[in-house]
J.: 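The structure is given below, and queries will be raised subsequently.
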Amino acid sequence: MLTIATWNINSVRLRLGLVERVLAAFAPDILCLQETKCPDDRFPLKAFAAMGYAHVATHGQRGYHGVATVSRLPFDSIERRCFCGKDDARHLATTFSPDGAGAITLHNFYVPAGGDEPDPVTNEKFAHKLRFLDELTGWFAGAPALAAEPRILVGDLNIAPLEHDVWSHRRLLKVVSHTPIEVDRLRAMQSAGGWIDVMRAHVPETEKLFTWWSYRAHDWRLSNRGRRLDHVWVSPPLAPCSTGISVVDAARAWERPSDHAPVLAHFDLRRCRPLP
DNA sequence: ATGGCTTACAAAGTAAGA
């Protein structure tokens with residue numbers, strides 16, 4: 001069994017206690033964090049090592065964004081890719097080899113949020129979001145053979161593509177994160193990489209599924225105006241290995257929470273051997 | 001359009017998140 005977790009933590013140093021709680025309760029093999037807001041030389045390595053997560057890849061910067069992948073398993077390789085000509089700490093790719101299953105590539109992404117106005121002409125942040133997705137599409141389209149490799153992509157993609165990935169499809173059609181223009185770009189990127197949406201493989205598209213709830217709601221659970229911004233995708237060879245997912249929405253109710261909930265994805269690698 | 005909150009930051013108000 002292999003468990004991969006992804007969580008937009010909104011400051012890893014501020015919420016280290018909450019991270020430890022998730023690691024203790026769910027014991028994922030690997031946890032991918034986004035919005036760590038932490039320079040690499042300030043990352044709390046000792047705390048993770050003490051929890052059994054001795055292998056840490058970071059791609060952070062001061063103040064904003066930042067991703068980290070922490071693991072009980074050693075990494076075979078670590079890659080930090082930059083997009084749109086800027087190093088704003090939004091990607092990590094690691095490879096690891098769980099008990100002889102062959103190397104698996106794990107991408108950890110923090111896609112730009114895109115600002116308020118869903119117009120790339122007037123809103124440079126939204127233009128950046130679209131360019132970021134287009135650059136990813138080009139990258140994946142240029143390496144079609146990768147779709148046959150065992151790969152996992154997780155992270156805060158900042159887009160809720162399906163009708164029931166948001167609390168009200170009608171009321172969010174012009175709200176950044178659910179506009180048709182960015183959903184189309186996300187779909188193009190997903191298609192170019194041959195990615196399979198594992199969360200929706202286990203939860204029917206007709207069912208509401210959220211991973212994020214605004215800080216501004218009086219009672220996030222009662223109003224339940226959530227969105228599914230965090231995702232777990234796999235390449236075709238790993239799809240039969242996916243045994244289940246869960247959104248740890250209980251973590252949204254903890255003290256001083258992140259506005260995102262952790263997502264857990266479980267795999268049984270025996271189901272897809274032999275890997276190519 | 002939820003935005004009513006929350007974060008980091010050369011610490012008061014600003015930028016950013018989504």
J.: Could you check how far CH2 of A:Trp167 sits from C1' of B:dT2, rounded to whole Å?
T.: 7 Å
J.: Could you give the NE2-to-P distance, from A:His169 to B:dA1, as a whole number of Å?
T.: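 Rounded to whole Å, this separation is 12 Å.
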J.: A:Asp88 CG to B:dA8 C1': how many Å, rounded?
T.: 16 Å
J.: Can you tell me if A:Ser11 touches the phosphate of B:dA8, counting only side-chain N or O atoms and a distance under 4.0 Å to OP1 or OP2?
T.: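 Yes, within the criterion.
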J.: Using heavy atoms to find the nearest nucleotide of DNA chain B for A:Leu172 and A:Gly63 separately, return the residue whose nucleotide is more 5′.
T.: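 Final value for this comparison: A:Leu172.
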J.: List the protein contact pattern of nucleotides 13-18 of chain B with one symbol per nucleotide (5' to 3'): B for base contact, S for sugar-phosphate-only contact, - for none; contact means a heavy-atom distance under 4.0 Å.
T.: ---SBB
J.: If we only count heavy atoms from C-beta on, is the A:Glu149 to A:Ser235 side-chain gap below 4.5 Å?
T.: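 Heavy-atom side-chain distance check fails, nothing below 4.5 Å.
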J.: Roughly how many Å is it from CD in A:Gln61 to C1' in B:dC9, rounded to a whole number?
T.: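 Taking CD of A:Gln61 and C1' of B:dC9, I get 13 Å after rounding.
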J.: In whole Å, I'd like the distance from the CZ atom of A:Arg42 to the C1' atom of B:dA8.
T.: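 Taking CZ of A:Arg42 and C1' of B:dA8, I get 11 Å after rounding.
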J.: Rounded to whole Å, how long is the line connecting atom CG of A:Leu222 with atom C1' of B:dG4?
T.: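 Spelled out: CG on A:Leu222 to C1' on B:dG4 is 15 Å.
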J.: For B:dA12 versus B:dT7, give the span between their C1' atoms, rounded off to a whole number of Å.
T.: 15 Å
J.: Let me check something: any side-chain donor-acceptor pairs from residues 113-123 of chain A under 3.5 Å, sequence neighbours excluded? List them with distances.
T.:
unit_1, atom_1, unit_2, atom_2, d
A:Asp119, OD1, A:Val121, N, 2.8
A:Asn123, OD1, A:Lys125, N, 2.9
A:Asn123, OD1, A:Phe126, N, 3.4
A:Asn123, ND2, A:Gly114, O, 3.0
A:Asn123, ND2, A:Glu117, O, 2.7

J.: If you look only at pairs with a residue in residues 132-142 of chain A, which of them pass as a salt bridge (Lys or Arg N to Asp or Glu O under 4.0 Å), with sequence neighbours excluded?
T.: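 Applying salt bridge (Lys or Arg N to Asp or Glu O under 4.0 Å) to every pair that reaches into residues 132-142 of chain A, excluding sequence neighbours, yields A:Asp134-A:Arg185.
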J.: Pick out which of A:Leu209, A:Thr211, A:Asp165, A:Leu172 makes a side chain to side chain contact (heavy atoms under 4.5 Å, CB included) with A:Arg227.
T.: A:Leu172
J.: If we take the C1' atom in both B:dG4 and B:dG17, what is their distance in whole Å?
T.: 15 Å
J.: I want to verify a distance call: between B:dC9, B:dT7, B:dG4, whose nearest atom is closest to the A:Asn10 side chain?
T.: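 Ranking B:dC9, B:dT7, B:dG4 by closest atom to the A:Asn10 side chain puts B:dT7 first.
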J.: Can you confirm whether A:Leu31 sits close enough to A:Trp7 that some side-chain heavy atom of one is under 4.5 Å from a side-chain heavy atom of the other?
T.: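 Yes - at least one pair of side-chain heavy atoms lies under 4.5 Å apart.
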J.: Determine the interatomic distance between C1' on B:dA18 and the same-named atom on B:dC5; round to the nearest Å.
T.: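 About 12 Å, rounded to a whole number of Å.
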J.: Would you say A:Arg15 places a side-chain N or O within less than 4.0 Å of OP1 or OP2 belonging to B:dT7?
T.: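 For B:dT7, OP1 or OP2 has a side-chain N or O of A:Arg15 closer than 4.0 Å.
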J.: Please give the distance between the C1' atoms of B:dA16 and B:dG3 as a whole number of Å.
T.: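 14 Å, rounded to whole Å.
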J.: For the pair made of CD in A:Glu255 and C1' in B:dT6, what is the distance, rounded to whole Å?
T.: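 Value for this atom pair: 15 Å.
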J.: In this structure, how many angstroms lie between the C1' atom of B:dT6 and the CZ atom of A:Arg256, rounded?
T.: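 Rounded to the whole Å, the gap is 8 Å.
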J.: Does the side chain of A:Asp230 reach to within under 4.5 Å of the side chain of A:Met199, using non-hydrogen atoms?
T.: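 No, their side chains stay 4.5 Å or more apart.
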J.: Should we say atom CZ of A:Arg221 is surrounded by more than 12 heavy atoms from elsewhere, each under 6.0 Å from it?
T.: yes
